[in-house]
Protein chains: 2
Amino acid sequence: MTADPSPPVRLPEPPTRPTLTREYLAAAALALIDAHGLRKFSMRKLGTAVGFDPMAVYRHYDDQEDLFDGVAETLFTEVNVDTLPWDGPWRELAQNYCLRLRDTLLRHPQAVPLFATRPVRSPASIDTGVKMLTKLSDAGIPPAQGLRIIRCLREFTIGHTLAIAVTKLGADQRSRKPEPGSPDYNLLAEAADATTLDDHFETGLTAILSGFEQSARMR
Amino acid sequence: MTADPSPPVRLPEPPTRPTLTREYLAAAALALIDAHGLRKFSMRKLGTAVGFDPMAVYRHYDDQEDLFDGVAETLFTEVNVDTLPWDGPWRELAQNYCLRLRDTLLRHPQAVPLFATRPVRSPASIDTGVKMLTKLSDAGIPPAQGLRIIRCLREFTIGHTLAIAVTKLGADQRSRKPEPGSPDYNLLAEAADATTLDDHFETGLTAILSGFEQSARMR
DNA sequence: ACCTGAACACCGTTCAAGT
DNA sequence: ACCTGAACACCGTTCAAGT
């Protein structure tokens, strides 16, 4: 409590040593996974990549499982659900959500298997689920049915994105076309040429939504 | 070429040393994954588990990636697609295929992430795809649209099964319910109680199929 | 010719020892 | 009090050396 009346000396900015945070580490981990693939990632590489001890990550995350949960959360944040059309009709909202989730994940194909194999438990994603459910509820859809719709859409979106991602990544290292000798090669090749790897996503989404709407009308 | 006219001595069965085959190794790997989880699995453990050198597997599979492809093939074989109702209507066929695939995978929850993150490249599964496509083609559905339908169904089925599997496995070690303090807890809890984890699968399948049929009618 | 297992370059995670 | 990095118990994969 010894007050100093003279104006405090204005020191120059000290050389700041960057501090590790959970968020920064998760973002850095995602960048490493994007760059070199999930297989090549390691806790030690992350620590050294951010300029710290190989073990530094353990002061912020319990273990790799915990860190990967953080990476999944980073991905979910990138979806930026706040800017979805929450005031429009629920079908538009749901469809936009799925498209956004797909686009976000496809920007990080190497991380899709990580995201897809993790149960949703982050508060942010649970919160989004609740908001969506409320929206459907306001439109007259009972919660049980609403939950079914949301789960179906989410599962289709992730299944689709996963298929695209692993095909894209696998294609780099191995061959993918069936041998042209096969008798039915023409049918498959013709079909595969006529439809790109992902042009069926919106078709599928629409089908699910129409299907549910139809079953609602028949109830 | 020295022929011996006396009847050959009938020797007792020699102690047979079991020989490793690709199929047996893949089945054994699946059993280990079922028992201890994908994380705990290793090439060395597989070799010793079957009573051979830790490196024995490398004489039959190039590397772990190659072995896992074999495990995925084993799983696909267990689906037993030959006994599907190939002579019935295509909707029945497709639906049965999806249900069978789901049931098979859910018998091996620990292996679902492996199966889901592997592009289909085994001859058997490509063959099944071609047969299905032919079936739809016979029903008047153009190949491009048929491929879209098949892909959607497959992606939904795998996305669904993956969600069920990781939730089931994750529930063993962590908590899963949202904190009861949350304001919308009641809505979510009520909905979750009213619908089990997987009662929406057939609903979703039906929705997809109805949706596609509807869009076909409007074409 | 075939198989083994030593060796290499890594891992995730813990924890005693240092500052 | 905080952080480091040695240490432990593993990995996947290669390949020289043995039989």
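The basis for the numbers below is simple: all heavy atoms, side chains too, and nothing from hydrogens, waters or symmetry mates. Just so it is clear: chains get the letters A, B, ... in the order the sequence lines come, proteins before strands, and each one is counted from 1.
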[atom2] on [Y] to [atom1] on [X], rounded to 0.5 Å:
X        : Y        : atom1 : atom2 : value
B:Met132 : B:Leu93  : CE    : CG    : 4.5 Å
B:Leu101 : B:Phe76  : CG    : CZ    : 8.0 Å
B:Arg148 : B:Phe212 : CZ    : CZ    : 7.5 Å

Distance-only criterion, 3.5 Å: show the donor-acceptor pairs between side-chain atoms of residues 41-57 of chain A and protein atoms not counting sequence neighbours.
residue	atom	partner	partner atom	Å
A:Ser42	OG	A:Lys45	N	3.0
A:Lys45	NZ	A:Lys40	O	2.7
A:Thr48	OG1	A:Arg44	O	3.0
A:Thr48	OG1	A:Lys45	O	3.1
A:Asp53	OD2	A:Met55	N	2.8

Heavy atom of residues 24-48 of chain A under 4.0 Å from DNA chain C: which residues?
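Nucleic-acid contacts, sorted: A:Ser42, A:Met43, A:Arg44, A:Lys45.
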Taking A:Glu65 first and then A:Arg118, would you say they form a salt bridge - that is, a charged N and a carboxylate O separated by under 4.0 Å?
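Counted as a salt bridge, because a side-chain N and a carboxylate O are separated by less than 4.0 Å.
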Nearest whole Å is fine: how far is [N] [atom2] from [X] [atom1]?
X       : N      : atom1 : atom2 : value
A:His60 : D:dC2  : NE2   : C1'   : 12 Å
B:Phe52 : C:dG5  : CZ    : P     : 13 Å
B:Asp53 : C:dG5  : CG    : P     : 5 Å
B:Asp63 : C:dC10 : CG    : P     : 18 Å
B:Leu20 : C:dC2  : CG    : C1'   : 14 Å

Identify the stems formed by DNA chain C, where each pair is Watson-Crick or G-U wobble with both distances under 3.5 angstrom and a stem is at least 3 consecutive pairs.
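Correct response: C:4-8 with D:12-16, C:12-16 with D:4-8.
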I'd like to know whether B:Leu38 forms a side-chain contact (heavy atoms from CB on, under 4.5 Å) with B:Gln110, so could you lay out the CA-CA distance, the side-chain angles of the two residues, the decisive distance to 0.1 Å, and finally the verdict.
CA-CA 6 Å; B:Leu38 198 53; B:Gln110 305 263 26; 5.6 Å; no
Under the ring-ring contact (aromatic ring centres under 6.0 Å, His included) test, residues paired with B:Phe156 that sit two or more places apart
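B:Phe156 satisfies ring-ring contact (aromatic ring centres under 6.0 Å, His included) with B:Phe201 once adjacent residues are dropped.
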Is it the case that B:Glu155 and A:His200 place a side-chain donor and acceptor less than 3.5 Å from each other?
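A pair is found: one side chain offers a donor N or O, the other an acceptor, under 3.5 Å apart.
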Atom of A:Val79, atom of A:Arg100 and distance for their closest heavy-atom approach
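A:Val79 and A:Arg100 have their closest heavy atoms at O-NH1, 3.0 Å.
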Decide side-chain contact (heavy atoms from CB on, under 4.5 Å) for A:His60 and A:Thr21; before the verdict, give the C-alpha distance in whole Å, the side-chain angles of both, and the deciding distance to 0.1 Å.
CA-CA 7 Å; A:His60 298 86; A:Thr21 64; 5.8 Å; no
Using the P atoms only, state how far C:dC8 lies from D:dG18, rounded to an integer number of Å.
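My reading of the P atoms in D:dG18 and C:dC8 gives 16 Å.
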Give me the distance, rounded to whole Å, that separates C:dT14 from D:dG12 when you measure between the C1' atoms they each carry.
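Looking at atom C1' only, C:dT14 and D:dG12 are 23 Å apart.
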Results of side chain to side chain donor-acceptor pair (under 3.5 Å) for B:Glu23 - residues two or more places apart only
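Side chain to side chain donor-acceptor pair (under 3.5 Å) list for B:Glu23, sorted by chain: empty.
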Between protein and nucleotides 14-19 of chain D, map the contacts as a letter string: B base, S sugar-phosphate only, - none, heavy atoms under 4.0 Å, written 5' to 3'.
B-----
On the nucleotide C:dC2, are OP1 or OP2 found under 4.0 Å from the side-chain N or O atoms that B:Arg59 carries?
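Answer no for this pair, as no side-chain N or O of B:Arg59 is under 4.0 Å from OP1 or OP2.
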